[in-house]
Protein chains: 2
Amino acid sequence: MSKADPEATPREFLPHDHAHCVSDAMAAAESLCAESGARLTPVRRRVLEILLEGHRPMGAYDVLSRLDAEGLGSKPPVAYRALGFLVDQGLAHRIERLNAFIACPHPSGQDHVAAFLICRDCGTVAEVPSAPPPLPAGFQVEQTTIEAVGLCTACADGPAT
Amino acid sequence: MSKADPEATPREFLPHDHAHCVSDAMAAAESLCAESGARLTPVRRRVLEILLEGHRPMGAYDVLSRLDAEGLGSKPPVAYRALGFLVDQGLAHRIERLNAFIACPHPSGQDHVAAFLICRDCGTVAEVPSAPPPLPAGFQVEQTTIEAVGLCTACADGPAT
DNA sequence: CTTGAAGTGTTACTTTGTATCATGTACGGA
DNA sequence: TCCGTACATGATACAAAGTAACACTTCAAG
Ligand SMILES: [Zn+2]
Ligand SMILES: [Zn+2]
Ligand SMILES: [Zn+2]
Ligand SMILES: [Zn+2]
């Protein structure tokens, strides 16, 4: 497994073998849950798959309508609970700016600090590793949200040719 | 006017002369709007005052109920429009984690990068100056959101004695 | 004064998120 | 094996947050 280069353009903004990217993340999720004892139930697993397949942020109700179509649940709490579980386990993240959720491309079990790059044109979101920003001593940080809105390389270069 | 020391405990977490802090910010807002030609109308001015007086994040509907009580408007769009104006002018900020708004304590006209420290115990929020975090080159950042949740000094020290 | 742009009032919705209680299901100990 | 407990799901019924659209008013520039 190669370490991510924090300088490089994130994979999300480039063409890539997405099926592979989904199966890798699912495998990682399975083994993390097995290890921690967390129960990756059918609904939860399917929600994670839906997020991974979408490969973009999805609202809770978007996820829910997928679940509903598949007979896995039709009421909001079903989706919110599964998403809450995934976020708690570090398998997905909530994008505050979008009221949406996205699968973590490199779940690690730890509660890693990440920054999200949100392209306002194509809607793609990339997760990049990040350090907690320097903050005044004295405030005891427990969780940090970093979200940047802007234009990805593709959208900045060729604005709808 | 003294420059903020990025290391010091933010004013918001300490006792301070709040009336003064309100009048300063209002004066700054007035002159910024005069300068830029933006129209600080009665509703907008009052919303800014409400935010400043509250000195804590307020939901749009919290603000709205204040406006309503004063006969300045009772329908959601009134509040959202005024808040939108203030955010556009850099006189207030939206706290994504809280779906809430807070007045900027040091409005500068420019669209400054700030981090928000959110105490999960007492609900106080401090705005501290911050640099945009290091991100991969290639993504054209236009706006950055940085929000940290945790415990302020007071709440970390004396947990509800 | 006219006129157009910006601001406000209001209706009627949409979207997002939860509290609560009932029901089901896995799993370890008696 | 049977039981109890903990956790997960199902379902109802709301609460909270946000917006589209349209009519009307205000205000400043020409
Ligand atoms: Zn992929
Ligand atoms: Zn893009
Ligand atoms: Zn500010
Ligand atoms: Zn506190």
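Residue numbers begin at 1 in each chain, while the letters A, B, ... track the order of the sequences.
D:dT19 atom P lies 14 Å from atom CG of B:Leu64, rounded to whole Å. For the pair A:Tyr80 OH and D:dT12 C1', the interatomic distance rounds to 17 Å; values are reported in whole Å. Rounded to a whole Å, the CG atom of B:Leu67 is 12 Å from the C1' atom of C:dT8. Taking atom OH of A:Tyr61 as the reference point, atom P of D:dA16 lies 14 Å away to the nearest angstrom. Summarising the geometry, the separation between CD1 on B:Ile95 and C1' on D:dA17 is reported as 16 Å, rounded to the nearest angstrom. Atoms CG (B:Leu72) and P (C:dT10) sit 12 Å apart, rounded to a whole Å. Remark: C1' of C:dG17 and CZ of B:Arg97 are 15 Å apart, rounded to the nearest angstrom. Nucleotide D:dA20 holds its C1' atom 15 Å from the NZ atom of B:Lys75, rounded to whole Å.
A salt bridge between A:Glu147 and A:Arg94 is absent, with no side-chain N of the basic residue lying under 4.0 Å from a carboxylate O of the acidic one.
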Evaluation steps, side-chain hydrogen bond (donor to acceptor under 3.5 Å, both in side chains), between A:Arg120 and B:Gln140: CA-CA 10 Å; A:Arg120 67 168 163 76; B:Gln140 212 169 95; over 6 Å; no

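To the nearest 0.5 Å, the span separating OG1 on B:Thr144 from CD1 on B:Ile146 amounts to 6.0 Å.
Of the residues B:Arg44, B:Arg45, B:Arg39, the one that meets the salt bridge (Lys or Arg N to Asp or Glu O under 4.0 Å) test with B:Glu30 is B:Arg45.
In terms of phosphate contacts, A:Ser74 brings no side-chain nitrogen or oxygen within less than 4.0 Å of OP1 or OP2 of D:dG10. Taking side-chain N and O atoms only, A:Arg94 has a distance below 4.0 Å to OP1 or OP2 of C:dG17. Between A:Asn99 and C:dG17 there is a side-chain polar atom (N or O) within less than 4.0 angstrom of OP1 or OP2.
Of the candidate nucleotides C:dT11, D:dT9, D:dA13, D:dT9 has the atom nearest to the side chain of A:Arg44. In this structure, the nucleotide among C:dA6, C:dG17, D:dT9 sitting nearest to the side chain of A:Pro76 is C:dG17. For B:Pro77, the listed nucleotide lying nearest its side chain is D:dA20; candidates were D:dT12, D:dA20, C:dG7.
Nearest-nucleotide positions on DNA chain D for B:Ala60 and B:Arg39 put B:Ala60 closer to the 5' end.
One donor-acceptor pair, N or O on each side, does fall under 3.5 Å between the base of C:dG9 and the side chain of B:Arg81.
The aromatic rings of B:His55 and B:His16 sit tilted relative to each other, their planes meeting at an angle between 30° and 60°.
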